[in-house]
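FYI, the numbering just counts along the sequence from 1.
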Amino acid sequence: MLEQLREREVFPSDDGLLEARRLLALRTDAVERFGHACDVLLRWVLRVGGRQASVPALAFLEDPLCSFAGAPLTEDEVLSALDYLREHALVNTRYLHTAS
């Protein structure tokens with residue numbers, strides 16, 4: 001089956017074009033982007049840091065999951081999501097200690 005697929009050309013169907021346009025439009029929907037940023041950031045914190053370990057918040061920007069509909073989330077979007085999660089007591093934050 002895979003060999004047969006290698007010898008084929010691919011092009012979108014009418015439904016595929018509609019879906020691609022929907023996804024492109026979705027990229028610019030600020031409300032959807034914000035909700036998604038909150039969801040994936042919370043899951044990332046749990047996956048990377050576990051239940052007790054802390055992780056640097058902006059390290060999330062390096063993760064491939066830090067995107068929405070194929071477009072990367074911005075630092076401002078991640079910080080806004082972090083602020084929302086903190087305000088709703090879904091994450092705790094503390095300042096990083098740096099050597100002076």
Side-chain angles (χ1 to χ4, degrees):
M1 178 67 170
L2 289 177
E3 284 299 318
Q4 292 173 345
L5 290 176
R6 285 189 180 119
E7 297 174 11
R8 294 183 183 207
E9 293 179 336
V10 177
F11 55 94
S13 65
D14 290 343
D15 288 343
L17 286 173
L18 289 174
E19 180 64 9
R21 287 184 184 126
R22 184 190 72 78
L23 288 173
L24 286 173
L26 189 61
R27 285 181 174 187
T28 61
D29 186 324
V31 173
E32 291 292 329
R33 287 180 69 89
F34 178 73
H36 179 76
C38 291
D39 291 345
V40 296
L41 179 57
L42 183 58
R43 287 195 308 261
W44 177 82
V45 167
L46 185 59
R47 178 175 54 87
V48 173
R51 188 161 156 69
Q52 298 298 324
S54 63
V55 293
L58 291 181
F60 178 56
L61 291 167
E62 306 292 324
D63 195 286
L65 292 178
C66 186
S67 65
F68 177 69
L73 294 170
T74 66
E75 183 176 317
D76 286 344
E77 288 172 318
V78 170
L79 291 173
S80 293
L82 179 61
D83 194 45
Y84 176 87
L85 295 174
R86 186 189 52 74
E87 285 178 2
H88 289 83
L90 297 172
V91 297
N92 294 312
T93 60
R94 65 177 176 224
Y95 289 100
L96 293 172
H97 298 286
T98 57
S100 300

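The two atoms that bring Cys66 and Val78 nearest to each other are SG-CG2, 3.8 Å, heavy atoms only. In terms of heavy-atom proximity, Pro12 sits nearest to Leu17 at CG-CD2, 3.8 Å. Between Val55 and Gly49, the shortest heavy-atom distance links the atoms CG1-CA, 3.5 Å. Between Phe60 and Leu73, the closest heavy-atom pair is CE2-CD1, 4.3 Å. The heavy-atom pair separating Thr74 from Arg33 by the smallest distance is N-NH2, 4.5 Å.
Linking Ile, Leu, Val, Met, Phe, Trp and Tyr residues whenever their side-chain heavy atoms come within less than 4.5 Å leaves Leu61 and Leu46 in two separate clusters.
Rounding to the nearest 0.5 Å places CG of Leu26 at 9.5 Å from NE2 of His36. Atoms CG and CG, on Leu85 and Asn92 in that order, are 11.0 Å from each other to the nearest 0.5 Å. Summarising the geometry, atom CD belonging to Glu19 is positioned 12.0 Å from atom CZ belonging to Arg21; distances are rounded to the nearest 0.5 Å. Taking CG of Asp83 as the start and CG of Asp76 as the end, the distance is 12.0 Å to the nearest 0.5 Å. Expressed to the nearest 0.5 Å, how far CD of Glu75 lies from CG of Leu58 amounts to 5.0 Å.
Looking at heavy atoms from C-beta onward, Val40 lies out of side-chain contact with Asp63 at the 4.5 angstrom threshold.
For the pair Arg27 (side chain) and Phe68 (backbone), a donor-acceptor distance under 3.5 Å is absent. Not a single donor-acceptor pair under 3.5 Å links the side chain of Ser67 to the backbone N or O of Gly70.
Heavy-atom neighbours of Tyr84 OH from other residues, nucleotides or ligands within 6.0 Å: at or below the threshold of 12.
When each of Asp39, Val45, Leu41 is paired with Arg43, the side-chain contact (heavy atoms from CB on, under 4.5 Å) condition holds for Asp39 and for no other.
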